[in-house]
Structure formats: structure tokens, C-alpha cells
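Take a look at the structure below.
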Amino acid sequence: MGMRRGTNLPRMGDFNQAVILEAIRRSVEGVSRIELAAATGLSAQTVTNITRRLLDDGLIAEAGRAINGPGKPRVILRLVADSRFSIGVHLDPAVITLVLLDLSGAVVRRRVVRTPAKDPRRIVDVMAQAIEAMIADAGIDREAVAGVGVAAPGPLDAARGTVIDPPKLHGWHRVPLRAVLAEATGFAVALEKDTTAAAVGELWTGNGPADDSFLFVYLGTGIGASLVRGGEAERGSSRNFGEIGHIVVDPDGPMCACGLRGCVDVVCTPQAIVEQAESAGVFPDDREGNDVEAVEVRFTQLCARASAGDLQALQVLRRAAAHLSVLISVLTNAFDVDRVVLGGPFWSRLASVYLEEIPPALDRRSATRAVRQLPVEGTVVGDDVGAVGAACVVLDAVLTPRASDLYLED
């Protein structure tokens with residue numbers, strides 16, 4: 001695991017502190033001051049000053065001594081995981097998932113509540129009540145909670161903290177979610193697109209290099225993408241990177257509301273896959289309603305049949321995987337990343353089929369196949385990647401060193 005390098009220039013204290021804290025957080029067995037200086041490029045005095053502050057703040061602790069060659073034993077420093085916490089909330093049209101993370105990024109508590117009637121005020125009330133219940137259940141001090149991150153379907157108005165007409169959440173027209181939830185909970189709230197939050201969660205909990213680059217393909221009620229470059233999530237100018245629903249992956253596919261045939265939205269989403277299964281006769285076309293919950297029930301049944309060896313069900317999922325590989329190849333050829341990560345609330349049900357079908361299909365379409373093979377893997381976070389990622393957005397804002405932090409103000 002590569003570590004970020006610090007700088008010995010003046011006025012860089014916050015950045016260097018983040019560099020040191022990240023290095024300690026990522027060390028499994030703990031790390032000494034001498035090792036920190038060697039890994040970060042900071043002077044021994046700078047490391048000593050910063051670790052003293054972190055010790056005083058209770059973010060790290062001395063954890064014994066290690067003998068490594070001649071000289072006196074070295075003091076080992078480790079993260080105090082329960083010194084700070086963050087809360088992540090994933091707003092999905094079907095369910096609201098909440099997690100409480102400690103400073104290491106580990107999940108301490110988890111709650112899932114059914115998304116109530118689409119009224120925004122009622123949904124915010126449910127979020128606030130679940131947050132308070134989770135804090136009480138964990139028995140932690142509210143003062144130790146750094147903030148709340150919310151992962152929501154886009155598009156977002158990031159400057160105003162507003163959710164704008166998300167699909168499947170009818171009645172959500174320019175809802176100022178960040179301000180309303182902050183008022184309801186008393187915590188600082190960060191609002192992030194669910195796809196971007198998932199990428200941040202993967203960065204925080206994964207074990208990639210400091211300059212990691214990957215495409216994250218998010219499989220939820222809708223399909224989205226996010227990009228990590230140089231160890232940081234790309235958010236875009238309006239923080240709405242990854243709206244890929246109208247990329248055409250099947251020119252002979254069904255007509256989309258946008259006027260094109262075979263867009264991702266009408267070919268690759270769970271609703272589209274269920275409709276394809278019904279057309280293929282896997283299910284009778286007698287589904288009551290077209291709401292998110294009814295689609296999810298049938299989608300789960302379809303994946304279970306495929307796992308049991310039902311050839312019709314398998315064929316539907318293989319076709320969906322082929323279409324998704326077209327999307328992924330378009331994005332990876334454009335962005336030239338090191339790897340592809342698949343995740344989201346629906347991922348675990350698709351993993352076995354998609355990990356078998358997508359890598360060879362992607363390799364055939366890869367512009368760089370003569371140079372390298374592009375790894376395709378499932379998320380290390382699990383189905384709660386949106387909520388975990390939202391909580392990591394809060395930790396990330398506080399703790400992760402960024403080159404942008406080094407810009408000097410005039």
C-alpha cells in the first residue's frame with residue numbers, strides 16, 4: 001500500500017496531519033515515528049509535533065514498543081478507532097439504510113427502514129429518528145460524531161444541498177435535503193450522489209495504492225458510474241458525474257423516454273431485466289404494479305432461479321451482463337482506468353453471473369487489450385456501499401490529504 005507524501009513547506013500543517021493520520025489508519029500493526037518519517041517524507045520534528053497533537057486529541061494512542069535492530073525500542077502508534085464516528089444514510093426509493101462508522105471505517109451499527117410514502121418531510125423525519133436510535137443503541141457521545149453523510153440519487157444541486165427530481169422518488173422536486181436533515185438532527189450534513197459515495201467507500205475500505213484509479217459501476221434501482229483518479233473521486237463541475245442512463249448499449253432494444261432505443265435505463269436496470277424475464281416467459285406478466293418493491297421481489301426471484309440453474313433465467317441475466325459490458329467498455333476506453341469495481345444494493349444477487357460474463361466480454365472490446373487485461377471485481381464493501389460510502393465522505397472530508405489543500409490563498 002503506497003502512502004501519500006507530506007511536504008515540509010510552511011503553512012501545510014493540516015495537510016501533513018492528514019498524511020500522518022492516513023498512514024497510521026492504514027497500518028495494520030501500528031507504526032513508529034521513524035517509519036512515519038520514512039514513509040511520508042516529513043522531517044522527524046514535524047512527525048513528532050503532529051503525533052503529539054494527535055495524541056492530545058485522542059485520535060491516536062501509544063501501543064507498546066517494538067525492537068527493530070540496534071538502538072532503543074520504538075514506540076508504536078495506532079489509531080483510536082472509537083475516538084470519532086460518522087453516520088452514513090443511503091436514500092433509496094425502496095429502503096433507507098443507515099450505518100455508524102468508527103474512525104477506521106468499520107461498521108459499528110446498521111439499521112434499515114422501509115422508505116415511507118414519498119413525502120420528503122416524512123422521509124427526513126424517519127431518517128432523523130433512525131439516526132438518534134442508532135446513536136443511543138451504540139451508547140456513544142453525540143460530540144464524537146463528526147457528521148452525517150447522505151447518499152442520494154441524482155441529479156443534485158450541490159451548492160444548495162438540494163435533491164432535484166430523482167427517478168422513482170415522486171414529489172421530490174428541489175428538496176433542500178442537506179439543510180432540512182441538519183436542522184432535524186443538529187449535525188453537519190454532507191450530501192453526495194450515491195454513485196460517488198460508493199466510490200469513496202471503496203477507496204476508504206479497500207487496500208489499493210494511494211494513486212488508485214478505477215471505474216465504479218453502481219447497480220441500484222438505477223445504474224450509475226463513478227470515477228476514481230489519483231486516489232480521489234471525480235465529482236464533475238456540478239458534482240453530478242456519472243449520469244450514464246442514456247448511453248445506448250443495445251440499438252435494437254426498447255424505446256427510452258429520451259427518444260433513443262436501447263439506453264442503459266431501459267436495458268440494464270433491475271426493472272428492465274424483470275421486464276425482459278417476463279417477455280421471455282420466465283414469469284407470467286401478471287406483476288401487480290410497477291413500483292420499486294414489486295420489481296425487487298421479482299428480480300430477487302429471477303436471480304434465485306438463475307443460481308438454481310434455470311436456463312431461461314440464466315439467459316436473461318447473461319444478456320443483461322452483455323449489455324452492461326458494452327457500457328463498461330465505453331467508459332473504460334474513454335477514462336483508461338486501472339480496474340473496474342461493481343457494487344450497489346443489487347450487486348450480490350448478480351455477482352456470480354456478471355463476474356463470469358463481463359470480464360471476457362470487456363476484454364474483447366478493450367482498446368488497451370494489447371497492453372494489459374483490465375481487472376473486474378466486486379466491491380469490498382457489500383450491499384451497503386452507498387450508506388458506508390456516505391459515512392466515509394464525512395471521514396474523508398476530515399481526514400484525507402488532498403493536493404487541493406496545498407493551494408495557497410492570495
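Position 1 is the first residue of the sequence; numbering continues from there.
- With Asp141 contributing its side chain and Ala144 its backbone, the two residues share no donor-acceptor pair below 3.5 Å.
- Side-chain N or O atoms of Arg239 include none that pairs as donor or acceptor with a backbone N or O of Ala159 at under 3.5 Å.
- By the 6.0 Å and 45° rule, Arg339 stacks over the aromatic ring of Phe214.
- Looking only at atom types and distance, the side chain of Asp384 has no donor-acceptor partner in the side chain of Thr97 under 3.5 Å away.
- Atom CZ of Arg26 and atom CD1 of Ile24 lie 13.5 Å apart (nearest 0.5 Å).
- Side-chain atoms of Ser329 and Thr332 include no donor-acceptor pair closer than 3.5 Å.
- Annotation: salt bridge (charged side-chain N to carboxylate O under 4.0 Å, His left out) contacts involving residues 55-64, sequence neighbours excluded, comprise Arg33-Glu62.
- Between Leu21 and Ile50, the closest side-chain pair of non-hydrogen atoms is not below 4.5 Å.
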Inset, instruction - Carefully, step by step, assess Trp204 and Leu395 under the rule side chain to side chain contact (heavy atoms under 4.5 Å, CB included). - result: CA-CA 9 Å; Trp204 252 74; Leu395 297 178; 3.5 Å; yes
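- No more than 12 heavy atoms of other residues, nucleotides or ligands shown are found within 6.0 angstrom of CD on Gln373.
- Between Ala277 and Val316, the shortest heavy-atom contact is CA-CG2, 3.9 Å.
- Remark: Glu192 does not engage Arg178 in a salt bridge, criterion side-chain N to carboxylate O under 4.0 Å.
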Inset, instruction - Evaluate side chain to side chain contact (heavy atoms under 4.5 Å, CB included) for Val228 paired with Glu202, printing each intermediate quantity in order. - result: CA-CA 10 Å; Val228 166; Glu202 190 71 18; over 6 Å; no
Inset, instruction - Might you work through the side chain to side chain donor-acceptor pair (under 3.5 Å) test for Asp92 and Thr221, ending with a clear yes or no? - result: CA-CA 8 Å; Asp92 180 85; Thr221 302; 3.1 Å; yes
Per-pair distances, 0.1 Å, donor-acceptor, side chain in residues 252-266, under 3.5 Å, sequence neighbours excluded:
unit_1	atom_1	unit_2	atom_2	d
Arg261	NH1	Gly253	O	3.1

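- Ile164 CD1 to Thr162 OG1: the interatomic distance, rounded to the nearest 0.5 Å, is 6.5 Å.
- Between Ile96 and His90, the closest side-chain pair of non-hydrogen atoms is not below 4.5 Å.
- Here the closest non-hydrogen pair linking Gly220 and Pro345 is CA-CD, 3.9 Å.
- For the pair Glu132 (side chain) and Gln129 (backbone), a donor-acceptor distance under 3.5 Å is absent.
- Judged by distance alone, the side chain of Asp212 and the main-chain N or O of Gly231 form no donor-acceptor pair under 3.5 Å.
- Counting heavy atoms from C-beta outward, Leu219 and Tyr354 have side chains that approach closer than 4.5 Å.
- With Val47 as the fixed residue, the side chain to side chain contact (heavy atoms under 4.5 Å, CB included) test singles out one of Ile34, Asn16, Leu77, Leu42: Leu42.
- Gln45 and Thr48 share no side-chain donor-acceptor pair at under 3.5 Å.
- Here the side chain of Asp310 pairs no donor or acceptor atom with the backbone of Gln315 at under 3.5 angstrom.
- Donor-acceptor pairing under 3.5 Å is recorded for the side chains of Thr300 and Arg349.
- A heavy-atom distance below 4.5 Å is not found between the side chains of Glu377 and Leu355.
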Inset, instruction - For Arg319 and Asp250, run side chain to side chain contact (heavy atoms under 4.5 Å, CB included): C-alpha distance rounded to whole Å, both residues' side-chain angles, the deciding distance at 0.1 Å, then the answer. - result: CA-CA 10 Å; Arg319 188 161 180 257; Asp250 179 14; 3.7 Å; yes
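- Under 3.5 Å, the side chains of Asp336 and Thr368 contain no donor-acceptor pair of N or O atoms.
- Nearest heavy atom pair, residue Val340 against residue Val217, reads CG1-CG2, 4.4 Å.
- Of all heavy-atom pairs spanning Asp383 and Gly344, the tightest one is OD1-O, 3.7 Å.
- Side-chain contact between Val200 and Arg235 is present, with heavy atoms from C-beta onward closer than 4.5 Å.
- Annotation for Ala151 and Asp194: closest pair CB-CA, 3.8 Å, computed over non-hydrogen atoms.
- Listed for the Thr379 side chain is no donor-acceptor partner under 3.5 Å among the backbone atoms of Gly343.
- Aromatic ring centroids of Phe241 and Tyr218 lie 6.0 Å or more apart.
- Looking only at side-chain heavy atoms (C-beta outward), Met127 and Leu181 come within less than 4.5 Å of each other.
- Summarising the geometry, atom CG belonging to Leu314 is positioned 8.5 Å from atom CD belonging to Glu357; distances are rounded to the nearest 0.5 Å.
- At distances below 3.5 Å, not a single donor-acceptor pair connects side-chain atoms of Ser27 with backbone N or O atoms of Glu29.
- Atoms CD1 and CG, on Ile131 and Leu98 in that order, are 6.0 Å from each other to the nearest 0.5 Å.
- The CZ atom of Arg369 lies 10.5 Å from the CG atom of Leu362; values are rounded to the nearest 0.5 Å.
- The backbone N or O of Ala106 sits less than 3.5 Å from a side-chain atom of Asp102, completing a donor-acceptor pair.
- Residue-environment remark: CZ (Arg174) stays at or below the threshold of 12 foreign heavy atoms within 6.0 Å.
- Side-chain atoms of Glu234 come within 3.5 Å of backbone N or O of Gly236 as a donor-acceptor pair.
- Formation of a donor-acceptor pair under 3.5 Å by the Ser366 side chain with backbone atoms of Asp363 is not found in this model.
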Inset, instruction - Dump the intermediate steps for side chain to side chain contact (heavy atoms under 4.5 Å, CB included) on Gln271 and Phe299, then the final yes or no. - result: CA-CA 8 Å; Gln271 179 173 321; Phe299 181 81; over 6 Å; no
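- When all heavy atoms are compared, the tightest approach of Ser213 to Val337 is OG-CA, 3.5 Å.
- Residues Ile247 and Leu331 meet the side-chain proximity criterion, which asks for heavy atoms closer than 4.5 Å.
- Note: Glu22 CD to Gln17 CD = 13.0 Å, rounded to the nearest 0.5 Å.
- In this structure, the side chains of Ile140 and Ile135 come closer than 4.5 Å at one or more pairs of heavy atoms.
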